[in-house]
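The residues of the chain are indexed from 1 along the displayed sequence. Atoms within a ligand are numbered from 1 in the order they appear, just like the ligands themselves.
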Amino acid sequence: MRTLDDLLADGVAGRRVLVRSDLNVPLDGEKITDDRRIVSSAPVHDALAKAGARVVVCAHLGRPKGLRDPRYSLRPVAARLSEVLGREVRFASDVVGESAQITTAALVDGDVAVLENVRFEAAETSKDEAERGAFADRLAALADAYVDDAFGAVHRKHASVYDIALRLPHCAGTLVLRELEVLRRLTESPDRPYVVVLGGSKVSDKFGVIEALLPKVDRLLVGGGMCFTFLAAQGHGVGGSLLEADQVDACRRLLADNPDKIVLPSDVVVAAEVSDHAATEVVPAAAIPDDRKGLDVGPDTVAEFGAALAGARTVFWNGPMGVFEVTPFAEGTRGVAQAIAGCDGLTVVGGGDSAAAIRQLGLDEAAFGHISTGGGASLEFLEGRTLPGIAVLEG
Ligand code: ADP
Ligand code: MG
C-alpha cells in the first residue's frame with residue numbers, strides 16, 4: 001500500500017490532490033462542539049500544501065441522506081480548518097458541480113479547498129455501481145491524485161472512499177496508516193496476556209467481533225447491556241435489563257466453548273428506571289430483581305476486571321460498561337476505563353460511545369495508547385472482514 005510519504009516523494013507541486021478526510025464533527029447549529037477530527041486531519045492537508053500541492057478536501061457530515069441540507073453544510077468546518085491550518089481555505093458550495101469545478105480550477109500551488117458535504121450527493125452511498133461510478137468520475141476529474149485519510153469510512157463501499165481510488169493514483173494518509181498499524185497489533189501476534197473488554201448495548205452488533213477475537217484472547221471481559229444476554233444464557237433472571245432473546249443460545253454456546261476465557265460481571269447496579277435521580281442498588285448478577293433493570297456493572301466487577309487488566313500486555317476496549325450518559329450508571333465505565341488507562345501494555349479503544357465516555361468522564365485521553373477514530377471500521381477490521389476502502393488502496 002502506498003503511503004503519503006511515497007506520494008510526497010514523487011513530488012506533488014502543481015498537482016491537485018483530493019484528500020478524503022473524516023471531518024464528521026458534532027455540531028450545535030453552526031457551532032462545532034468538538035473539533036478534534038478537524039485538528040487530527042489537518043496535518044495531511046498541511047504537509048501536502050507545504051509541498052506545493054493544490055489540496056481538495058472531501059468529507060461527509062452527518063446523514064443528509066443524499067439531499068442538500070444546510071444543517072449539514074461543511075462550511076463551518078472549512079472555516080475551522082482554516083484557523084487550524086493558519087491559512088485561507090476555499091469552500092465549494094457543491095460537491096462536483098459548477099462551484100467545485102471553478103474552485104478547484106482556481107487553486108494555485110499550496111492552496112486548500114473544501115468541497116461541500118459529499119453525502120449531499122445520493123450517488124456517494126448508492127448500491128448501484130454504475131451510479132456511484134459516474135459520480136466518482138466527476139469527483140476524480142477534480143484531481144490528479146487521491147489520498148484516503150478517513151479511517152471511519154473505509155468499511156463503506158462509497159464513491160469517495162472506494163470508486164475514486166480505482167480512477168486516480170492513490171495512497172493512504174497518516175491517520176489511516178496509524179489505525180491499521182495499531183489494529184494489526186491486535187490481530188497478529190499480540191503481546192500476552194491479551195485482554196478484551198466488550199460492552200455497549202447489543203450483543204448482536206458485536207457477535208462477529210466476539211467470535212473472531214475469542215480464539216486470540218486470553219480473557220474476554222463482558223459488561224454493558226450485552227452482559228445480560230450472557231447472564232440469561234447461564235440461566236439467571238435479568239429482570240427488565242436489555243435482553244436479546246434470540247441470542248441466548250449463541251451466547252450459551254460461546255460460554256460452553258470458552259469456559260475459562262469469558263468473564264461476566266459478578267454484581268450489577270440496578271434501578272427501576274434510567275434517570276438522573278433513580279434510586280440505585282447493587283445486587284449479585286445472579287439475583288437481579290424482576291422489577292429492576294441492570295444499568296451498570298457493580299464495584300466488585302470493576303475490581304475483578306481491574307485485576308485482569310492490571311497485568312495485561314495488550315488491551316482492546318469497545319463499548320461502555322453501563323449507561324454512562326446518566327450519572328448514577330457511569331461508575332462502572334469510569335472504573336474499568338481507569339484500569340485500562342493504568343495498564344502498561346498497548347491499550348486500544350474502539351467505538352464512538354467508548355471514546356465519548358472517556359471524554360465525558362474527564363479521563364486523560366493521553367493515558368490510552370490509541371483511541372480509534374473509526375468505531376465501525378475498527379470492529380470490522382478485527383472481525384477479519386475485508387474493508388473496501390483499504391482493499392482498493394492495496395490494489
Ligand atoms: P460503542 O459506540 O463504543 O461501540 P455501543 O454503541 O455498542 O458502544 O453502545 C453504547 C451504548 O450502550 C451507550 O449509549 C450506553 O448507554 C449503552 N449501554 C451500556 N450499558 C447498558 C445497559 N446495561 N443497558 C442499556 N444500555 C446500555
Ligand atoms: Mg455506538
Side-chain angles (χ1 to χ4, degrees), residues 24 26 34 62-63 151-152 155 179 183 186 196-210 212-213 220-232 236-245 247 251 264-276 278 280-283 285 288-289 292-298 301-302 305 315-337 340 347-361 363 365 368 370-383:
N24 191 19
D34 180 347
R63 292 174 184 272
F151 185 75
H155 59 316
E179 291 277 355
L183 293 173
L186 299 178
V196 169
V197 186
L198 288 182
S201 47
K202 291 155 93 186
V203 68
S204 55
D205 285 348
K206 312 224 168 136
F207 208 82
V209 80
I210 295 175
L213 286 176
L220 174 67
L221 315 179
V222 181
M226 67 163 70
C227 76
F228 301 102
T229 303
F230 281 96
L231 290 169
H236 303 305
V238 297
S241 310
L242 201 70
L243 171 69
E244 287 180 275
Q247 302 288 321
C251 288
L264 297 177
S266 59
D267 60 346
V268 292
V269 177
V270 300
E273 45 164 19
V274 184
S275 118
D276 270 320
T280 62
E281 200 185 335
V282 177
V283 301
I288 299 172
R292 293 285 185 278
K293 300 178 207 295
L295 297 167
D296 195 11
V297 299
T301 303
V302 171
F305 284 12
V315 175
F316 174 65
W317 171 37
N318 170 277
M321 294 292 99
V323 184
F324 72 96
E325 299 94 333
V326 185
T327 310
F329 313 110
E331 289 313 300
T333 302
R334 182 193 303 281
V336 170
I340 295 168
T347 55
V348 181
V349 183
D353 290 293
S354 312
I358 290 175
R359 258 171 263 147
Q360 189 194 304
L361 299 174
L363 301 170
E365 289 176 60
F368 298 86
H370 180 73
I371 301 177
S372 176
T373 54
S378 56
L379 289 184
E380 289 199 17
F381 181 94
L382 294 175
E383 268 183 57

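Regarding atom 23 (N) of ligand 1, its nearest protein heavy-atom neighbour is Gly294 O, 3.1 Å. Val323 CG2, 3.7 Å is the protein heavy atom nearest to atom 26 (N) of ligand 1. Among protein heavy atoms, atom 14 (O) of ligand 1 sits closest to Glu325 OE2, 2.5 Å. The closest protein non-hydrogen atom to atom 6 (O) of ligand 1 is Asp353 OD2, 2.9 Å. Here the protein heavy atom with the shortest distance to atom 7 (O) of ligand 1 is Lys206 NZ, 2.7 Å. Scanning all protein heavy atoms for the shortest distance to atom 21 (C) of ligand 1 gives Gly225 N, 3.3 Å. With hydrogens left out, the protein atom closest to atom 19 (C) of ligand 1 is Gly322 O, 3.1 Å, a heavy atom.
Within 6.0 Å of CZ in Arg63 there are 12 or fewer heavy atoms belonging to other residues, nucleotides or ligands. Environment of NZ in Lys206: crowded, with over 12 heavy atoms of neighbouring residues, nucleotides or ligands closer than 6.0 Å.
Put simply, CG on Leu379 and CG on Asn318 are 4.5 Å apart, with the number rounded to the nearest 0.5 Å. Glu179 contributes atom CD, which lies 4.0 Å from atom OG1 of Thr373 (distance to the nearest 0.5 angstrom). Between the OG1 atom of Thr327 and the CG atom of Asp276 there is a distance of 4.5 Å, given to the nearest 0.5 Å. Separating the CG atom in Leu264 from the CZ atom in Phe228 is a distance of 10.5 Å, to the nearest 0.5 Å.
Taking every non-hydrogen atom of Asn318 and a distance limit under 4.0 Å, the qualifying atoms of ligand 1 come out as 4 (O). Near Gly351, meaning under 4.0 Å from any of its heavy atoms, are these atoms of ligand 1: 1 (P), 2 (O), 3 (O), 4 (O). Every atom of ligand 1 with a heavy atom of Gly319 under 4.0 Å away is listed here by number and element: 3 (O), 8 (O).
Residues Ala271 and Thr280 come closest through the heavy atom pair CB-CG2, 4.4 Å. The shortest non-hydrogen separation linking Gly350 to Ser378 is CA-OG, 4.1 Å. Nearest heavy-atom pair across Leu361 and Thr333 is CD1-CG2, 4.0 Å.
Note: no N/O pair closer than 3.5 Å links Asp296 and ligand 1 by distance alone. Remark: ligand 1 and Ser354 share an N or O pair separated by less than 3.5 Å (distance only, no angle test).
Here Phe228 has side-chain heavy atoms under 4.0 Å from ligand 1, and that is the only part of it that gets that close.
Summary: OD2 is the N/O/S atom of Asp353 found nearest to the Mg ion (ligand 2).
Counting heavy atoms only, Gly200 comes closest to atom 9 (O) of ligand 1 of the residues Ser241, Gly224, Gly200.
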Inset, instruction - Take Thr229 and Gln247 through the test side-chain hydrogen bond (donor to acceptor under 3.5 Å, both in side chains) and record every step on the way to the result. - result: CA-CA 7 Å; Thr229 303; Gln247 302 288 321; over 6 Å; no
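Taking a 4.0 Å cut-off on heavy atoms, Gly352 registers as neighbouring ligand 1.
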